[in-house]
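Some notes on the structure that comes next.
Note on naming: letters A, B, ... go to the chains in the order of the sequence lines (proteins, then strands), and numbering restarts at 1 for each one. A quick note: this is a predicted structure, and the numbers were derived from the prediction, not measured.
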Protein chains: 2
Amino acid sequence: MTINAYFAAGAERWPEWRGPLERAFAAAGLDVALTPTPPQSPGKVDYIIFAPGGDIEDFRPFTGCKTVLNIWAGVENVVANPTLTQPLCRMVDPGLTEGMVEYVVAHALRHHLGIDAILGRQDGTWRHEAPPLAREQPVAMLGLGALGRACAEALARLNFPVMGWSSTPKDIPTIECHSGDDGLEEVLRRAQIVVTLLPHTPETENLIGAWQLSLLPRGAVLINPGRGALIDDAALISVLDDGRLAHATLDVFRTEPLPADHPFWSHPGVTVTPHIAAETRPETAAPVVAENIRRAEAGEPLLHVVDRSRGY
Amino acid sequence: MTINAYFAAGAERWPEWRGPLERAFAAAGLDVALTPTPPQSPGKVDYIIFAPGGDIEDFRPFTGCKTVLNIWAGVENVVANPTLTQPLCRMVDPGLTEGMVEYVVAHALRHHLGIDAILGRQDGTWRHEAPPLAREQPVAMLGLGALGRACAEALARLNFPVMGWSSTPKDIPTIECHSGDDGLEEVLRRAQIVVTLLPHTPETENLIGAWQLSLLPRGAVLINPGRGALIDDAALISVLDDGRLAHATLDVFRTEPLPADHPFWSHPGVTVTPHIAAETRPETAAPVVAENIRRAEAGEPLLHVVDRSRGY
């Protein structure tokens with residue numbers, strides 16, 4: 001029997017997703033009728049392929065929907081929607097993970113090796129100063145989910161001593177794992193490079209505030225490819241201004257696009273990137289959507305189901 | 001019996017090497033009398049710890065010297081010295097290898113993710129463009145010695161498809177290995193990122209000239225942390241000017257320090273770094289010197305002996 005799937009992730013995304021989804025359904029042996037337009041009979045929709053800011057605010061008409069398949073990693077804009085009673089799956093896109101690892105490793109090495117300073121002084125003066133080694137630069141990875149763990153392991157393979165922190169205890173062979181409030185304090189006190197890769201939940205909102213930033217060794221750097229709300233913006237600017245924090249490279253913001261008059265754009269200690277670290281790529285993500293539909297049809301456990309009580 | 005070692009690597013290096021060498025000798029159980037001044041009786045010197053530009057031009061007085069231990073990776077300034085008849089060992093410093101890997105990975109990711117452009121346009125305009133993935137960016141690693149191989153493997157672990165090229169055929173599991181003239185042509189035709197990590201020998205002098213550069217796909221980048229003489233400078237500037245090569249990041253030059261009026265400094269398509277990629281670090285290199293003395297005293301094969309016929 002034909003499976004009805006409604007692509008409710010926004011008309012502007014349809015052109016780049018249609019082909020990859022159709023190919024992924026075919027490869028999985030699924031007979032799927034895929035439509036990007038609101039169906040006449042919402043009750044007949046079997047699966048909703050969803051993105052925040054897309055076409056659905058009210059899930060109640062979709063009485064026959066078995067699962068909502070989010071095509072983004074973050075679910076904070078949908079998880080608290082009271083009309084959503086179906087299972088909700090996050091996207092864990094292998095291409096997104098690769099892109100995140102590349103972003104985090106690139107900017108960690110950029111700060112570690114002082115590349116901004118090198119680019120800024122191509123002035124004919126030969127300044128021979130040996131750079132430090134990664135083995136001398138402790139990294140704190142805040143968040144050890146699929147993305148945080150992949151980044152932590154990639155940095156550890158480059159010899160960075162990596163401390164990981166997560167709300168619940170974890171055990172990862174090459175990572176010194178910490179958890180809880182005491183653990184957060186310890187990793188911040190020792191980190192030269194802090195990476196924030198946590199989900200946005202009530203517990204992580206403003207997790208990095210003035211007190212936490214005050215714990216960092218002078219000259220540390222911060223890389224935030226996670227969520228804008230993890231960090232207290234005013235406190236961040238304050239520690240940049242007083243020199244405790246040498247630099248912040250930020251990919252995510254409380255308001256996106258980041259307004260043109262936001263002080264981050266003009267601050268010499270801030271690099272703004274336009275939410276490019278966690279890019280879902282249709283070619284690698286569509287097979288994950290197809291696999292979850294296959295599982296649901298076969299009665300197998302779904303991948304990446306969101307725990308509503310934890311918010312991710 | 002006390003071993004006599006003469007530190008002939010330049011008085012300016014003595015302060016930073018003395019402690020690490022003395023600690024490494026003690027750790028290896030070697031009784032070494034180490035001096036930084038030319039000995040009264042050169043014939044009694046057992047080992048010469050050497051760097052080009054140091055204190056020895058004529059090795060003939062050192063009639064009892066068992067081995068010359070170079071503290072640099074490159075030996076082109078000493079290998080052809082006709083007065084040198086003793087075995088010559090190159091330095092393969094684990095700290096140097098780590099630093100080289102960090103340099104090459106950092107600049108490969110910098111070019112791959114367009115970080116220079118990001119830093120140059122912090123102008124309040126939100127330009128959301130997904131960067132490519134490393135898996136889409138072929139790298140050519142020219143040179144598969146200890147340093148080239150370590151860099152190639154690190155890039156492969158970050159998903160770059162890495163083609164390796166060496167003068168003699170090699171076989172490395174995660175690297176697509178090529179050799180010979182045809183192999184060089186093939187890897188250059190496909191590479192988006194070219195890294196030159198070959199020794200400077202008569203065969204590699206100007207290996208990358210106008211014809212080789214013309215093979216590259218338009219928009220490729222070059223990273224040279226190997227030797228300045230590997231590349232024809234004028235041909236390099238020509239392909240940068242015509243846009244075939246998007247950028248060159250150069251750490252080594254025919255004349256160092258690079259003269260202030262050299263066109264590389266002011267060319268917008270060139271990043272000059274002051275010979276910092278291959279930095280020998282006394283703390284990690286001194287144990288290699290000690291190990292070779294221990295081996296020589298025990299009659300065991302030396303590490304990293306230079307093949308005079310090949311020049312490295």
In Å, rounded to the nearest 0.5 Å, how long is the span from OG1 of A:Thr273 to CH2 of B:Trp126?
7.5 Å
Do you know which of B:Ile118, B:Thr249, B:Ile276, B:Leu133 has the most heavy-atom pairs with chain A at a distance under 4.5 angstrom?
B:Leu133
So which of B:Asp123, B:Val270, B:Thr125 has the largest heavy-atom pair count under 4.5 angstrom toward chain A?
B:Thr125
Contact listing (chain A partner; [range]; heavy atom under 4.5 Å):
range	value
residues 277-285 of chain B	B:Glu279, B:Arg281, B:Thr284
residues 102-117 of chain B	B:Glu102, B:Tyr103, B:Val105, B:Ala106, B:His107, B:Leu109, B:Arg110, B:His112, B:Leu113, B:Ile115, B:Asp116
residues 151-161 of chain B	B:Arg157, B:Leu158, B:Asn159

Sequence neighbours excluded, every pair satisfying side-chain hydrogen bond (donor to acceptor under 3.5 Å, both in side chains) that has a member inside residues 9-21 of chain A
A:Arg18-A:Glu22
Is A:Val272 in contact with chain B via its backbone, its side chain, both, or neither, using a 4.5 Å heavy-atom distance?
both
With a 4.5 angstrom heavy-atom cut-off, is it the side chain or the backbone of A:Leu119 that approaches chain B, or both, or neither?
side chain
Is the backbone of B:His128 close enough, under 3.5 Å, to the side chain of A:His275 for a donor and an acceptor to pair up by distance?
no
With a 4.5 Å cut-off on side-chain heavy atoms, are A:Phe264 and B:Gln122 touching?
no
Which one wins on heavy-atom pair count under 4.5 Å against chain B: A:Arg127, A:Glu129, A:Arg135?
A:Arg135
